[in-house]
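Here is the structure we will look at.
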Protein chains: 2
Amino acid sequence: MTETKADTRPDRRAAAFARIRDAHQTEVAEDYVELIDDLIAERGEARLVDVSAHMGVTHATAAKIIARLKREGLVLNRPYRSIFLTEDGTRMANMARQRHRVVFDFLRAIGIDRETAEADSEGMEHHASDQTLAAMERLTAEILNRRT
Amino acid sequence: MTETKADTRPDRRAAAFARIRDAHQTEVAEDYVELIDDLIAERGEARLVDVSAHMGVTHATAAKIIARLKREGLVLNRPYRSIFLTEDGTRMANMARQRHRVVFDFLRAIGIDRETAEADSEGMEHHASDQTLAAMERLTAEILNRRT
DNA sequence: AAAAAACTTTAGCCATGGCAAAACCTGAAG
DNA sequence: CTTCAGGTTTTGCCATGGCTAAAGTTTTTT
């Protein structure tokens, strides 16, 4: 039970992990609604087939996830018909896309190649706080300006 | 089936998400081995109780996860005794800690407060590629130098 | 050495997100 | 107007990571 001076304080750390676990819960939802929104914008409708192809999962998996989104009021659809977003879903999609953009642009600004920036931002966007996003935006602008 | 010019190419995006799902699989392992390593360093041993307290989960959950780590050869322990890391586990802990540091330092350098940097880096470290980590390190040094 | 406290393990439950395979609609071609 | 290809849904299966509650060991206290 030796009292240490290091930062192994249960409370702080535990809280951080709890936040991360919560984030995980919404991550999937965000990714799906963002994709659905993109699909609707680009081709007028979102089909299960396309969703599963883009997410890289089987249709069964996509169907299950969409059922959850529906249950949670983010998505609407009638059997065998294409998928729509509710207002909440649209809002979530927009916020997710914006965060995604900020992180992606930042990574590009600091010299990360397109592919990698795409992959990294996809993973990181969900874990960046507003504070961090703001800082990234600021930095991105700064870097791009300096280049002029 | 209208062919679009936008970047909704299944393959690229699907691959990115696949990578993220893989990352998720190792995230938990990394967080646990890092914590176990810290505990051993700081108090000489890692007990289930401490692990669960720091991760903010019940001991049952921690026990289950540690059983998986054991199965995967990252951790060693005898019933009712404390927990050790294998070589692999130690290696993973060190790599995780290093990535964590890089992200944390970077966030601090761009002005994020300690608490937030702690939380954000905990979530982001798992999704930053080597390329991004290298860029963060470079930027951190740059920022700190400019301040001198 | 017995009793109490502290810790670990186990059992059983739940939701999520994977999968494969089968059953089921819908809409185009014939 | 029937067929059949292509989507969609459903059904079961698995692992993970949560939880509570109960049972089993150590360790400490009395």
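By convention in this document, chain letters (A, B, ...) are assigned in the order of the sequence lines, proteins followed by strands, and residues within each chain are numbered from 1.
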Spacing between [X] atom [atom1] and [N] atom [atom2], to the nearest angstrom:
| X | N | atom1 | atom2 | answer |
| --- | --- | --- | --- | --- |
| R47(A) | dC25(C) | CZ | P | 16 Å |
| D31(B) | dG18(D) | CG | C1' | 16 Å |
| F17(A) | dG17(D) | CZ | C1' | 14 Å |
| I20(A) | dG17(D) | CD1 | C1' | 15 Å |

Next item on the list: Between protein and nucleotides 10-19 of chain C, map the contacts as a letter string: B base, S sugar-phosphate only, - none, heavy atoms under 4.0 Å, written 5' to 3'.
Entry: BBBB--SBBB

Item checked: Residues T132(A) and D120(B): side-chain donor-acceptor under 3.5 angstrom -> yes

Checklist line | Residues which pass side-chain hydrogen bond (donor to acceptor under 3.5 Å, both in side chains) with T86(B), listed by chain and number, not counting sequence neighbours | finding: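 Listed in chain order: nothing, the list is empty.
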
Suppose we screen for salt bridge (charged side-chain N to carboxylate O under 4.0 Å, His left out). Which residues come up paired with [X], at least two apart in sequence or across chains?
| X | value |
| --- | --- |
| D31(A) | none |
| R97(A) | D37(A), D38(A) |
| E142(B) | R146(A), R146(B) |

Please collect all ring pair (Phe, Tyr, Trp, His ring centres under 6.0 Å) contacts where either partner lies in [range], sequence neighbours excluded, each pair once.
| range | result |
| --- | --- |
| residues 129-148 of chain B | none |
| residues 64-99 of chain A | none |
| residues 93-125 of chain B | F106(A)-F106(B) |
| residues 118-147 of chain A | H24(A)-H127(A), H127(A)-H127(B) |

Side-chain donor-acceptor pairs of residues 66-76 of chain B under 3.5 Å, sequence neighbours excluded:
unit_1 : atom_1 : unit_2 : atom_2 : d
R68(B) : NH1    : E72(B) : OE1    : 3.1
R68(B) : NH1    : E72(B) : OE2    : 3.0
K70(B) : NZ     : N77(B) : O      : 2.9
K70(B) : NZ     : N77(B) : OD1    : 2.8

Note to self: Can you list, in residue-number order, the parts of residues 77-84 of chain B that come under 4.0 Å of DNA chain D, counting heavy atoms only?
What the structure shows: Y80(B), R81(B)

Give me the distances for all protein-to-nucleotides 1-6 of chain C N/O pairs that come in under 3.5 Å?
none

